[in-house]
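A short write-up of the structure that comes next.
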Amino acid sequence: MESADSKTGTPAVMSRAQVRRKLPWGPMADWPAWGRSAALLLAYALLAGGVWLMAVGGAAARFAGVLAVALSLPLLVHAGRAVARERSRASDRRYLREFMPAIVGYMLFMLYVWPLQKGMDPGWLKTALVLSPMLPVAGIIRASLRHVLASDERERRQHMEALAIGVVIVSLGSCALGFLGAARILVLDGATVLLFVYPAICITYGLACCFLTWRSYRA
C-alpha cells in the first residue's frame, strides 16, 4: 500500500505492520479486554456448536459442524494469545497450517469415509479403509509435537503438566470403568472405550492447559 510523502509528494510504501495499525480494529492483542474475551468466547462457542452439529445433525448439519470447527481453530489460537496481551508467533501460524488440514481431514474421514466399512466384506480393502483415519491422526500428533517443541520453556512446562493431568484423569476414569464392568454394574463395549481414549486425553489436556495458562497469567 502507498501513501503520499508530505514533503516530496512522492508515494511512500507502507509496511504490513503500518497497514495493520491503520486499520480501525487493530491487532487483536491491542483490543480492549472485553473484546479479546469476546473473541475467545466466540471461538469456544463455534467449537462447541460444531461438535454438537456433527454429533446430532444430518449430512448438511454435519458439514456445517466441520466448517464451524475449522473456523474456531485459528480464532482460538489468536484469541488465546490476545487474552494474554501477546501477538501470534510464527510457530502458531505454522501450527495452524499443519494442524487444520489434519483435523479437518480426520473429521471428514470419520463422518463420510469410515461408515462405508459397514457394508464391506472382511479383507484388506476394509482393513485399509478402517485404518485410514490414522493418517490424519498422525498429522495431528506431529503438528502438536512441533508446536510444543517450538514453545518457550514456560509454555513447554505447562504443556507437559497439562498432558500429565490429562493422562491421570483418563487413567482413573478407565480404571473406574474397568471395576464397574468387572462387577457387571456398567458394561461397555471394549472397542468403543478404546476408541474414545485418545479424544478423552486430548480434551482433558486442552482443559488443563487452559487452566494452567490462566493461572500463570493471573500470578
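Note that the structure is a prediction, hence the values are computed from the model and not measured. Nothing fancy with the numbering, it's 1 onward along the sequence.
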Quick check: do W214 and F211 have side-chain heavy atoms less than 4.5 Å from each other? yes
Determine, using the 4.5 Å side-chain heavy-atom cutoff (strictly less than), whether W124 and L129 are members of one ILVMFWY cluster. yes
Linking I/L/V/M/F/W/Y whenever their side-chain heavy atoms sit closer than 4.5 Å, directly or via other members, would V77 and M100 fall into one cluster? yes
salt_bridge(K126, D121) N-O dist < 4.0 Å: no
Under 4.5 Å between side-chain heavy atoms, counting indirect links through other Ile/Leu/Val/Met/Phe/Trp/Tyr residues: same cluster for L42 and V83 or not? no
Side chains of I165 and T204: closer than 4.5 Å at any heavy-atom pair? no
Under 3.5 Å donor-acceptor pairs involving side-chain atoms of residues 136-148, not counting sequence neighbours:
from	atom 1	to	atom 2	distance (Å)
S144	OG	I140	O	2.9
R146	NE	E98	OE1	3.1
R146	NE	E98	OE2	3.1
R146	NH2	E98	OE2	3.1

Keeping R81 on the side-chain end and S88 on the backbone end, is there a donor-acceptor pair under 3.5 Å? no
Taking side chain as C-beta onward, heavy atoms only, is L212 less than 4.5 Å from H159? no
In Å, rounded to the nearest 0.5 Å, how long is the span from OH of Y106 to OG of S132? 10.5 Å
Residues that, via side-chain heavy atoms closer than 4.5 angstrom, fall in one hydrophobic cluster with L53: W52, V56
Under 4.5 Å between side-chain heavy atoms, counting indirect links through other Ile/Leu/Val/Met/Phe/Trp/Tyr residues: same cluster for V170 and V168 or not? no
Determine, step by step, whether V197 and I201 satisfy the side chain to side chain contact (heavy atoms under 4.5 Å, CB included) criterion, reporting the C-alpha distance in whole Å, the side-chain angles of both residues, the deciding distance to 0.1 Å, and the verdict. CA-CA 6 Å; V197 168; I201 291 176; 4.1 Å; yes
Gap between atom CG of L41 and atom CH2 of W34 - 0.5 Å precision: 12.0 Å
Here's a test for you: under side-chain contact (heavy atoms from CB on, under 4.5 Å), which of E155, M160, R154 qualifies with R157? R154
Could you pull out all residues at least two apart from D152 that satisfy salt bridge (Lys or Arg N to Asp or Glu O under 4.0 Å)? R89
Using modelled atom types and a 3.5 Å cut-off, is there a donor and acceptor pairing between side-chain atoms of R156 and backbone atoms of S151? yes
Donor-acceptor check, side chain of R184 to backbone of G181, threshold 3.5 angstrom: yes or no? yes
Enter the distance from L67:CG to S72:OG here, rounded to the nearest 0.5 Å. 11.0 Å
Nearest 0.5 Å, please: how far is CG in D92 from CG in L76? 12.0 Å
Between V104 and V69, is there a shared hydrophobic cluster once you connect ILVMFWY residues whose side-chain heavy atoms come closer than 4.5 Å? yes
Would Y44 and C210 satisfy side chain to side chain contact (heavy atoms under 4.5 Å, CB included), going step by step from the backbone distance to the final call? CA-CA 12 Å; Y44 280 118; C210 290; 3.1 Å; yes
Ignoring hydrogens and geometry, is there a side-chain-to-backbone donor-acceptor pair from R62 to A55 under 3.5 Å? no
Who pairs with S171 by side chain to side chain contact (heavy atoms under 4.5 Å, CB included), at least two apart in sequence or on another chain? V167
Using the ring-ring contact (aromatic ring centres under 6.0 Å, His included) criterion, which residues pair with F99? Sequence neighbours excluded. Y95
Spatial distance of atom CG (L73) from atom NE2 (H78) [nearest 0.5 Å]: 10.5 Å
Extract all donor-acceptor atom pairs below 3.5 Å that involve side chains of residues 111-120 and protein atoms in other chains or at least two apart in sequence.
from	atom 1	to	atom 2	distance (Å)
Y112	OH	A59	O	3.3
Y112	OH	F63	N	3.4
W114	NE1	V130	O	3.2

